[in-house]
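Note that the structure is a prediction, hence the values are computed from the model and not measured. Naming convention: chains lettered A, B, ... in sequence-line order (proteins, then strands); numbering from 1 in each chain.
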Amino acid sequence: VSWLDYGPLLSIVVGYLGFLFGVAWAAERSRRLQAPRLQMLTYVLAASVYCTAWTFYGSVGLAAHRGLEFLTIYLGPALVALLWPFLLGRLVRVVKEQRITSVSDFISSRYGKSAPLGALVAALVALGLIPYIALQLQAVSQSFKLILGQETILEVFDPTLLVAVVLGVFGILFGARNPDFTRIQRGLLSAVAVESVVKLLAFLTAGAFVTWGLFGGFGDIFARVLADPELSRLVTLGSPPAASFARWGALLFVSMMAVMFLPRQFHVLVVQNQAESHVRAAAWLFPLYLFLINLFVLPIAFAGLMLLPRDQADHFVLLLPLSAGVPELAVLVFLGGFSAATAMIVVDSLAISKMLTNDIVVPILLRYRSGDIYRASLHSMRLCIIVVVFLGYVWAMMAGGHFLLVEMGLLSFVAVTQCAPAILLGLAWPRGNRRGAFAGLSAGFGLWFYTLIVPALVKEGFLSAAILSHGPLGLAWLRPTALFGLDGLDSVSHGLFWSLLVNLSAFVLVSLATRQDAEERLQAAAFTGRFPAEDGPSIGRSILSPPEIERLVHHYVGGSEAAVLARELLGDEPERERSARELLELRIRLEKRLAASLGAAAARFIVEDRFALSTGQAEQLVESFQELQHSLRTTEEEARRTEHLLASVVRSVDDCIFTTDPHGRLLTLNPAGQRLFESVESELAGAPWWELLGKGERGRLDRDARATGAWRGWKGEIRARTQGGREFPVHLALTPILDRRGHVLGSVGVLRDLTEQQALQRRLIQQEKLASLGQMAAGVAHEIRNPLGGIKIAMGVLQRYDGQDVLTREMIESVRSGIAEIESIISQLLDYTRETRLDRQHYDLGGVLGQVVQGLGEEARARGVTLDLEAYPNVVVAPVDGQKIRQVFINIIRNAVEATERPGGRVAVRCEAHDGRVIVAVTDNGVGLTAEAREKMFVPFFTTKPTGTGLGLAIVKKIVELHGGDIRVDSAPAQGTRVRVTLPAGVLDEATSADRRG
Amino acid sequence: MPLRELVVALFVLGAVLLSWPFLTIFNHARAVFGIPLLVLYLFAVWTAMIGAAFWVTRRLDAKP
């Protein structure tokens with residue numbers, strides 16, 4: 001074994017510390033060292049402060065004693081790192097938003113900025129962590145002893161004290177220079193990152209030396225291990241002395257929590273995070289670092305077990321190079337371990353001092369109203385660093401307490417795990433409240449102390465061993481390592497189980513049983529994101545005027561800092577007028593700004609204490625706000641229901657309904673409107689509503705309505721125009737929508753299509769015109785008939801006069817036939833117009849039809865048409881005017897014959913009776929009728945024949961209708977025609993008809 | 001599957017792979033490739049977790 005001399009080693013240590021100062025100093029000044037990629041790498045390496053001397057020396061020791069158990073401390077973080085992109089990212093966002101600076105600050109802030117809760121967490125975490133710091137200093141001290149051999153000078157002066165002092169100074173210079181912890185401590189982080197590189201390189205080098213220098217590689221070492229039954233038990237689980245599965249799981253879990261919530265981890269990973277992308281990078285780079293630093297732990301441990309005495313296991317990594325006679329490597333390893341220890345001491349003492357200052361010292365100072373609280377907090381923090389490091393040193397140097405130190409690494413992990421429910425549920429569960437957190441944390445830490453610290457104290461001899469074996473006061477069920485008789489677990493799983501169970505249950509049950517106050521609700525909302533964020537319902541917060549803020553800043557923050565802060569908050573014009581909203585934001589910014597330096601609880605104390613409402617008032621306000629929100633919600637529901645009703649009405653009516661904005665641009669158009677304008681709403685939306693009108697109408701409306709800004713609506717008939725350009729008449733009612741103050745919000749228009757209505761009106765007018773024309777024609781006919789009678793008689797006389805030549809006779813004959821035709825026309829006209837009276841008698845319609853068909857038979861034959869009357873078995877009797885009904889049938893049948901005039905033409909007449917009505921159908925296979933002719937055939941004077949008055953069918957229709965029947969025509973060109981005349985009738989029964997025929 | 005759920009699933013999978021009773025499958029004192037089986041298994045799972053985290057990071061960085 002070759003030992004180093006005291007002098008050179010001390011100079012190496014001092015030189016290394018100087019190098020770290022240089023790194024920190026350079027990092028704070030050099031712009032080049034602030035490249036984004038380098039910053040990300042710095043973040044990941046700084047997070048590797050997780051690997052302390054406990055890792056560097058302890059992992060090997062643990063592996064040598066308990067096999068693979070040490071891996072859980074690194075597998076847990078690697079596992080939870082998978083969740084970091086979301087979990088840690090969320091934590092970082094909340095912490096940035098709230099300007100949180102530590103674990104205790106986080107818990108205090110989440111649960112209503114409660115100072116007592118913060119104080120509790122700070123005190124308990126410090127209690128759990130100071131022995132851990134002591135462990136690091138002891139490791140440094142031990143490594144000094146080992147590398148220097150039995151130097152007597154160590155009895156006089158232990159360089160560990162020097163190291164402790166230098167680390168304290170380092171922490172003050174690069175960490176506690178500014179009380180605002182949300183600022184990036186670039187120098188500190190860079191130095192820690194460099195130390196991470198040194199410890200990794202040192203360990204890898206040592207590992208490679210042992211594996212390939214002293215042995216023949218992994219295969220060689222493991223082959224020897226497996227050949228040795230005692231050593232081979234260390235590479236499996238569950239067989240003593242290796243860890244049980246319960247302990248394995250417990251360690252996996254606590255290391256997951258510790259890697260995020262240990263003060264140094266929270267500080268580096270969360271508080272000092274600069275970008276969320278760094279969190280994502282850390283999610284895989286950090287586990288990779290852990291992987292590398294653990295690669296050679298087992299080979300070193302087994303090499304040590306094979307070459308060195310087992311009780312030196314904690315220092316195998318240093319002793320193996322020393323015993324192999326490679327002091328240079330031993331120095332590198334020493335520096336690696338030194339780096340691991342010092343980085344942890346600096347960051348943890350800094351984080352703990354911040355907790356103690358913000359959550360214990362500052363609230364006490366505030367209670368006594370000391371002046372410059374800002375400067376006082378800074379001094380307090382620096383003092384706390386020294387105190388924490390010094391306490392650690394004292395503990396490390398104590399004669400006793402060795403066992404406790406070794407165990408302390410794990411025990412502090414379990415201690416920190418007690419904060420996990422309050423933090424993680426605090427992010428996810430809005431109902432978790434201050435009392436619950438207080439109960440959970442107190443109970444959890446209480447059980448942690450009882451189940452884990454008390455047994456350690458017993459082993460140290462501070463307490464009687466009887467407590468472990470028989471329980472306190474002889475109560476066996478209270479034995480600290482087998483609480484309530486839970487036996488068979490190792491102490492860590494046992495302690496974790498009880499402390500976490502009680503912690504979680506107390507937290508949840510008390511939270512459910514108690515109520516939150518206003519501030520807690522606001523904070524719960526901000527942390528869980530389940531309600532409007534903090535800036536939303538800032539009810540319960542007073543507004544501070546700029547002069548008040550300035551006075552406040554100067555009162556609590558001394559000297560130049562105050563001026564800077566006031567300037568930061570108020571800008572260049574502190575006297576500027578500000579709205580209430582701005583003032584409120586200003587006040588929130590002030591509080592957050594103070595929180596960054598003094599902690600959430602103290603910041604609230606400062607801002608609230610002097611000006612704000614009492615808690616009771618604040619609570620009332622929050623409640624009234626919530627009620628308001630609630631009532632708004634119900635009104636909203638009702639409004640939605642009414643709106644729905646209204647919308648369905650608008651949708652279902654047949655009139656077009658549209659709405660416009662104040663400028664007349666279309667907003668909505670109901671489905672009827674969309675049909676009417678042959679368009680969809682989206683096409684028209686935004687267009688001026690008068691686009692719906694005909695081209696010529698727009699100007700008219702301009703004059704009437706549109707031109708005036710505050711028009712009163714418009715009503716009237718107007719022409720509308722579809723998108724396709726078709727214009728049609730509409731009735732439009734346009735009504736403005738006004739708000740309470742009479743401002744125009746828009747307008748609603750109702751359009752009714754008048755096309756059909758106007759067509760109907762036109763038809764009515766036409767009919768009236770026709771009727772009066774008919775009456776005039778009748779009058780004319782009547783007047784013509786009298787002189788015509790005279791002419792007719794005179795012609796009769798002339799005819800009888802002898803001595804006429806042939807020519808004269810022919811002319812007279814021609815005049816007479818002309819007169820006959822005029823008479824016939826006149827009588828038809830008079831028939832049509834005259835008030836016709838029916839002389840009803842019961843006629844056998846079959847008989848009437850038979851006579852008519854017989855009478856027309858000759859004419860039909862002459863025209864080559866077959867005319868048939870289809871027999872009907874029953875006798876049909878109807879009360880009709882025989883003369884007139886005969887005229888009807890003659891007219892219809894003759895028309896049919898004339899229309900069918902060709903060889904093969906066929907006219908069939910058929911008579912049948914149904915339900916008290918007789919139907920006479922005349923069907924031909926003639927030329928048929930066009931649609932227009934069919935429509936107009938009953939109109940007077942309409943005719944398709946070269947001769948004729950066009951009154952025949954008009955008279956037919958009139959007579960049929962006088963009888964209370966109707967007449968229908970089915971026809972199409974070249975398809976023939978069927979005319980059906982329906983008349984009211986009675987049917988004689990079969991027997992009677994048989995009699996008649998008989 | 002959305003990335004968030006995938007990450008939680010990976011975490012649960014990792015937890016199962018690293019816990020009782022799954023570990024008992026590999027809990028034998030024999031060598032594979034010269035390395036004790038359990039050691040090899042744990043380091044393999046570790047590597048897979050780093051790979052998964054790397055993949056998730058790449059996916060997240062790809063869509064800002």
Side-chain angles (χ1 to χ4, degrees), chain A residues 67-68 71-72 74-87 89 217-223 225-229 231-239 242 244-246 248-249 252-253 256 276-277 279-292 294-295 297-298 302, chain B:
Chain A
L68 299 178
L71 276 177
T72 53
Y74 311 97
L75 282 171
L79 187 54
V80 83
L82 277 171
L83 295 178
W84 279 3
F86 298 104
L87 180 64
F218 288 113
D220 180 28
I221 293 179
F222 284 122
V225 168
L226 289 171
D228 181 337
L231 288 183
S232 65
R233 296 172 81 176
L234 292 176
V235 294
T236 55
L237 290 176
S239 50
S244 67
F245 283 109
W248 177 275
L252 212 54
F253 180 74
M256 281 189 220
E276 258 190 82
S277 63
V279 171
R280 297 200 286 271
W284 71 276
L285 278 173
F286 179 63
L288 184 63
Y289 184 96
L290 298 181
F291 182 93
L292 292 175
N294 277 288
L295 210 50
V297 169
L298 282 174
F302 288 126
Chain B
M1 194 170 6
L3 211 51
R4 180 186 288 266
E5 280 78 357
L6 188 67
V7 162
V8 173
L10 283 172
F11 173 77
V12 172
L13 176 70
V16 168
L17 292 182
L18 292 179
S19 304
W20 184 89
F22 205 87
L23 281 183
T24 54
I25 298 173
F26 303 93
N27 197 17
H28 303 293
R30 63 185 159 86
V32 174
F33 308 122
I35 312 285
L37 178 62
L38 190 59
V39 176
L40 189 68
Y41 169 74
L42 289 174
F43 276 87
V45 173
W46 200 338
T47 312
M49 287 195 300
I50 293 168
F54 176 68
W55 180 80
V56 168
T57 301
R58 286 286 293 272
R59 286 285 300 273
L60 281 171
D61 284 338
K63 48 168 190 181

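- Proximity to chain A (any heavy atom under 4.5 Å) is shown, for B/Phe33, by neither the backbone nor the side chain.
- Going from atom CG of A/Asn294 over to atom CG of A/Leu71 covers 6.0 Å, rounded to the nearest 0.5 Å.
- Only the side chain of A/Phe86 comes within less than 4.5 Å of a heavy atom of chain B; its backbone N, CA, C and O stay farther away.
- In this structure, no portion of A/Phe286 lies under 4.5 Å from any heavy atom of chain B.
- For A/Ala281, the part lying under 4.5 angstrom from a heavy atom of chain B is the backbone only.
- Heavy-atom pairs under 4.5 Å with chain B peak, among A/Leu226, A/Leu288, A/Leu83, at A/Leu83.
- Using a 4.5 Å cut-off between heavy atoms, A/Ala81 makes no contact with chain B at all.
- When each of B/Val8, B/Leu10, B/Val39, B/Leu18 is scored by its heavy-atom pairs under 4.5 Å with chain A, the top score falls to B/Leu18.
- Within the 4.5 angstrom heavy-atom criterion, no atom of B/Val45 approaches chain A.
- Looking at heavy atoms from C-beta onward, B/Tyr41 lies out of side-chain contact with B/Val32 at the 4.5 angstrom threshold.
- Taking 4.5 Å as the limit, every side-chain heavy atom of B/Met49 sits out of range of all side-chain heavy atoms of B/Leu17.
- Contact annotation for B/Val7: both backbone and side-chain heavy atoms come within less than 4.5 Å of a heavy atom of chain A.
- With a 4.5 Å cut-off on side-chain heavy atoms, A/Leu298 and A/Phe222 count as touching.
- Under the 4.5 Å side-chain criterion, counting only non-hydrogen atoms from C-beta, A/Pro85 is in contact with B/Val56.
- With a 4.5 Å cut-off on side-chain heavy atoms, B/Leu6 and B/Trp55 count as touching.
- A distance of 5.5 Å separates CG of A/Leu75 from CH2 of A/Trp248, quoted to the nearest 0.5 Å.
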